[in-house]
Structure formats: structure tokens, C-alpha cells
Trainee: 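Can you read through this structure? Questions will come right after.
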Amino acid sequence: MTRFPDLPILPNAPAPPPRKSTAEKYGGLLYLGLGGLAVLVALVGWFLWSTWSLRDIWSAVYAMNDPTLPDADRIAAAQRLAEDPRVTQRQLWDLALSRIPPEQARYLVAEALTAEAIAADPNGFAL
């Protein structure tokens, strides 16, 4: 077993530098992290607000695709979807091609399609 020699203590050694404060140690990273956290909270809040504001569209899509509801309610839900400007053309396209809703509901949704839906996928429209 080897033994290391004791370290000598120098009598005139310089004093260690004073400890740095947190602001000196991290500089602007603290503020950058707080700013990033604020942006993250804002984005999550915006997502939650957007999700909450589309709940009537979600309920209409659910009602249109629920086979246990009467056909009159499903057709009324399709009418609400066809008249709502927040519903995209791709969503209307998918609902119109689905076999789950009643035929009249599918017709109402398909009637709301514009040339924008065809321009996005002309080969799919031809098929």
C-alpha cells in the first residue's frame, strides 16, 4: 500500500477569491430561462384556449358520427359543421367520404366543399 506525502501548508498563500453571487455566476441565463418559461406558459395557454374554443365543433363531429343519436340530430350537426367557417376543407372532405354519418348529413357536408379542397388534392378528387 502506497502512502502519499502530506501536502504542505504555505504560510503566505493568497486568500481564495470571494464567492460569486448567483447573478454573477449565471449572468443572463437566469433571465433567458425565465423568458423561455414565460413563452412556454403562453403557448400552452394559447393551445388550451384554442382547444376550448373549438368544443362546439368537436361536439358536432361527435354527434354526426354517433350512430345511437337520431338521424335528425346528426343532420343538424352536419348543418352546423357546414356553416362554421372554422372547419377546414380537409375536415369537411373526410366527413363527406365517411360511411358512418347518414347520407343526408354527408351530402350537406359535401355541399360545403369549395375549390380549395380540390386544389389541395386533385388526384384524390379524381379518384
Trainee: How long is the gap from CZ on Arg90 to CG on Leu92, to the nearest 0.5 Å?
Mentor: 11.0 Å
Trainee: Is the backbone N or O of Arg99 less than 3.5 Å from a side-chain atom of Arg106, with the two atoms forming a donor-acceptor pair by type?
Mentor: no
Trainee: Tell me whether Trp58 is reachable from Leu81 by hopping between hydrophobic residues (I, L, V, M, F, W, Y) whose side-chain heavy atoms are closer than 4.5 Å.
Mentor: yes
Trainee: Is Leu54 linked to Met64 within one hydrophobic cluster, defined over Ile, Leu, Val, Met, Phe, Trp and Tyr using a side-chain heavy-atom separation of less than 4.5 Å?
Mentor: yes
Trainee: Under 3.5 Å, which donor-acceptor pairs link side chains of residues 107-117 to any protein atom two or more places apart or in another chain?
Mentor:
residue, atom, partner, partner atom, Å
Tyr107, OH, Glu111, OE2, 3.3
Thr114, OG1, Gln89, OE1, 3.3
Thr114, OG1, Glu116, N, 3.3

Trainee: Check whether any side-chain N or O of Ser98 sits under 3.5 Å from a backbone N or O of Asp94 as a donor-acceptor pair, and report yes or no.
Mentor: no
Trainee: Flag the pair Lys25 / Arg19 as yes when at least one side-chain heavy-atom distance between them is below 4.5 Å, and no otherwise.
Mentor: no
Trainee: Can you hop from Trp52 to Trp49 via hydrophobic side chains spaced under 4.5 Å?
Mentor: no
Trainee: Please round to the nearest 0.5 Å and tell me the distance separating atom CG of Leu32 and atom CG of Leu37.
Mentor: 11.5 Å
Trainee: Which atoms form the tightest heavy-atom contact between Ser50 and Ser53, and what is the distance?
Mentor: O-OG, 2.9 Å
Trainee: With a 4.5 Å cut-off on side-chain heavy-atom distances among I, L, V, M, F, W and Y, is there a chain of contacts connecting Tyr62 to Val87?
Mentor: no
Trainee: Write out all pairs satisfying salt bridge (Lys or Arg N to Asp or Glu O under 4.0 Å) with one or both partners inside residues 65-80, taking only residues at least two apart or from two chains.
Mentor: Asp71-Arg74
Trainee: Of all heavy-atom pairs between Gln91 and Arg86, which one has the smallest distance, and what is that distance?
Mentor: OE1-O, 4.4 Å
